[in-house]
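Just so we're clear, the structure is a prediction, and the values are computed from it rather than from any experiment. All heavy atoms count here, side chains included; hydrogens, waters and symmetry mates do not. Numbering of ligands and ligand atoms starts at 1, following listing order.
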Amino acid sequence: MRKYCFIILVCLVIVGGIQAQPAIKVSGEVTKPLQLQTADLAKMKRVTVSMRDRDGNEHPYTGVPVAEILDQAGVTTGKQLRGENLTKYLLVKCADGYEVLFSLAELDSSFTDRTVIIADSSEGKPLPAGKGPFRLVVPGEKKPARSSFQVTELVIRWAKE
Ligand SMILES: Nc1nc2c(c(=O)[nH]1)N[C@H]1C(S)=C(S)[C@@H](COP(=O)(O)O)O[C@H]1N2
Ligand SMILES: [Mo]
């Protein structure tokens, strides 16, 4: 009996460990909903961008372009991003309830050269606890207010009536 209790306990610890892995959920108007962990992001296309934080200094952030994540989730990007698809938006949700919005065209390389990323590291190190594990990094804006930290969810929705 004690042996079974021990095995059950071990299983619970393993399941708990798997569930505890932080992840970003990608949902809404997607053909392939995703659940991305650090290990998944590590296998995708990675870039480093620079952004001026609230301290006024430029800092490098490394991660995956949001456009790449949207592509994998089957969101309308590139040539498909026209007509009514231009009324779709991305809502970024964070662990502290912070939310910011982007129209899909703001994130698409056929509209802009600016690369918005989901960063998971800076200068070879994971992001600090309060800012990570995943931070949206938006280069080229006058303030870092849309560069949401502790990102948990990317939701694609229609704005059209
Ligand atoms: N999750 C979350 N992200 C957030 C915020 C927040 O309150 N919650 N504040 C934003 C604002 S208003 C600013 S100015 C920047 C500050 O980031 P920094 O301290 O790295 O410069 O984070 C942005 N990202
Ligand atoms: Mo801010």
Side-chain angles (χ1 to χ4, degrees), residues 15-77 81 85-160:
V15 169
I18 292 168
Q19 284 178 341
Q21 283 293 321
I24 294 187
K25 188 179 159 191
V26 187
S27 64
E29 295 298 323
V30 301
T31 57
K32 197 173 158 237
L34 302 175
Q35 191 83 31
L36 297 170
Q37 299 179 355
T38 309
D40 302 311
L41 295 178
K43 287 182 226 146
M44 298 171 74
K45 175 186 168 186
R46 296 184 65 82
V47 296
T48 297
V49 301
S50 180
M51 185 190 63
R52 198 184 297 273
D53 284 347
R54 197 158 38 182
D55 60 13
N57 298 318
E58 293 275 341
H59 293 279
Y61 287 92
T62 302
V64 178
V66 170
E68 195 74 13
I69 293 173
L70 299 185
D71 246 353
Q72 282 215 6
V75 177
T76 48
T77 57
L81 193 48
N85 287 335
L86 286 170
T87 65
K88 283 182 198 163
Y89 63 89
L90 163 71
L91 185 67
V92 180
K93 298 186 172 192
C94 306
D96 62 352
Y98 197 68
E99 296 181 336
V100 297
L101 182 149
F102 291 80
S103 73
L104 288 192
E106 284 187 277
L107 304 163
D108 201 90
S109 64
S110 64
F111 283 84
T112 175
D113 286 328
R114 163 177 87 170
T115 308
V116 176
I117 71 169
I118 289 289
D120 55 16
S121 68
S122 180
E123 295 180 311
K125 285 176 276 194
L127 301 180
K131 295 283 166 72
F134 309 114
R135 179 171 191 175
L136 188 82
V137 174
V138 190
E141 302 213 315
K142 287 189 178 174
K143 47 181 159 183
R146 290 206 291 179
S147 291
S148 328
F149 36 78
Q150 298 181 317
V151 173
T152 55
E153 241 183 294
L154 304 178
V155 190
I156 309 297
R157 293 207 184 117
W158 287 106
K160 76 181 169 106

Considering only heavy atoms of Asp96, which atoms of ligand 1 have at least one such atom less than 4.0 Å away? 1 (N), 2 (C), 6 (C), 7 (O), 8 (N)
Quick test: of every protein heavy atom, which one is nearest to atom 1 (N) of ligand 1, and how far off is it to 0.1 Å? Phe149 O, 2.8 Å
Taking only heavy atoms of Asp53, which atoms of ligand 1 are found under 4.0 Å from at least one of them? 20 (O), 21 (O)
I need the minimum non-hydrogen distance between Lys93 and Val155, along with the two atoms involved. CE-CG2, 4.1 Å
Check ion pair Arg146-Glu141 (N to O, under 4.0 angstrom): yes
Starting from atom 11 (C) of ligand 1, which protein heavy atom do you reach first, and at what distance in Å? Ala145 CA, 3.7 Å
Under 3.5 Å, side chain of Asp96 to main-chain N/O of Tyr98, donor-acceptor pair present? yes
The residue among Asp120, Ile117, Thr48 that forms side-chain contact (heavy atoms from CB on, under 4.5 Å) with Tyr61 is Ile117
One thing to verify: whether Lys88 and Glu29 come together as a salt bridge, which I'm taking to mean a side-chain N less than 4.0 angstrom from a carboxylate O. no
Going by the atom numbers of ligand 1, which of them fall below 4.0 Å from some non-hydrogen atom of Ser147? 22 (O), 23 (C), 24 (N)
Tell me the nearest of Arg54, Glu99, Gln150, Lys93 to atom 14 (S) of ligand 1, using heavy-atom distances. Arg54
Counting only N and O atoms by type, is there a donor-acceptor contact under 3.5 Å from the side chain of Arg135 to the main-chain atoms of Ser147? yes
Checking a contact table here: which protein heavy atom is nearest atom 10 (C) of ligand 1, and how many Å away? Tyr98 OH, 3.4 Å
Within the 4.0 Å heavy-atom shell around Cys94, which atoms of ligand 1 are there? 1 (N)
Is the side chain of Ser122 donor-acceptor paired with the backbone N or O of Pro60 at a distance under 3.5 Å, no angle test? yes
With the threshold set at under 4.0 angstrom, would you say Lys131 reaches ligand 1 through any of its heavy atoms? yes
Atom 13 (C) of ligand 1 has as its nearest protein heavy atom Pro144 O, 3.8 Å
With a cutoff of 4.0 Å, is Arg135 in contact with ligand 1, counting heavy atoms of the residue only? yes
Salt-bridge criterion met for Arg114 and Asp108 (N-O under 4.0 Å): no
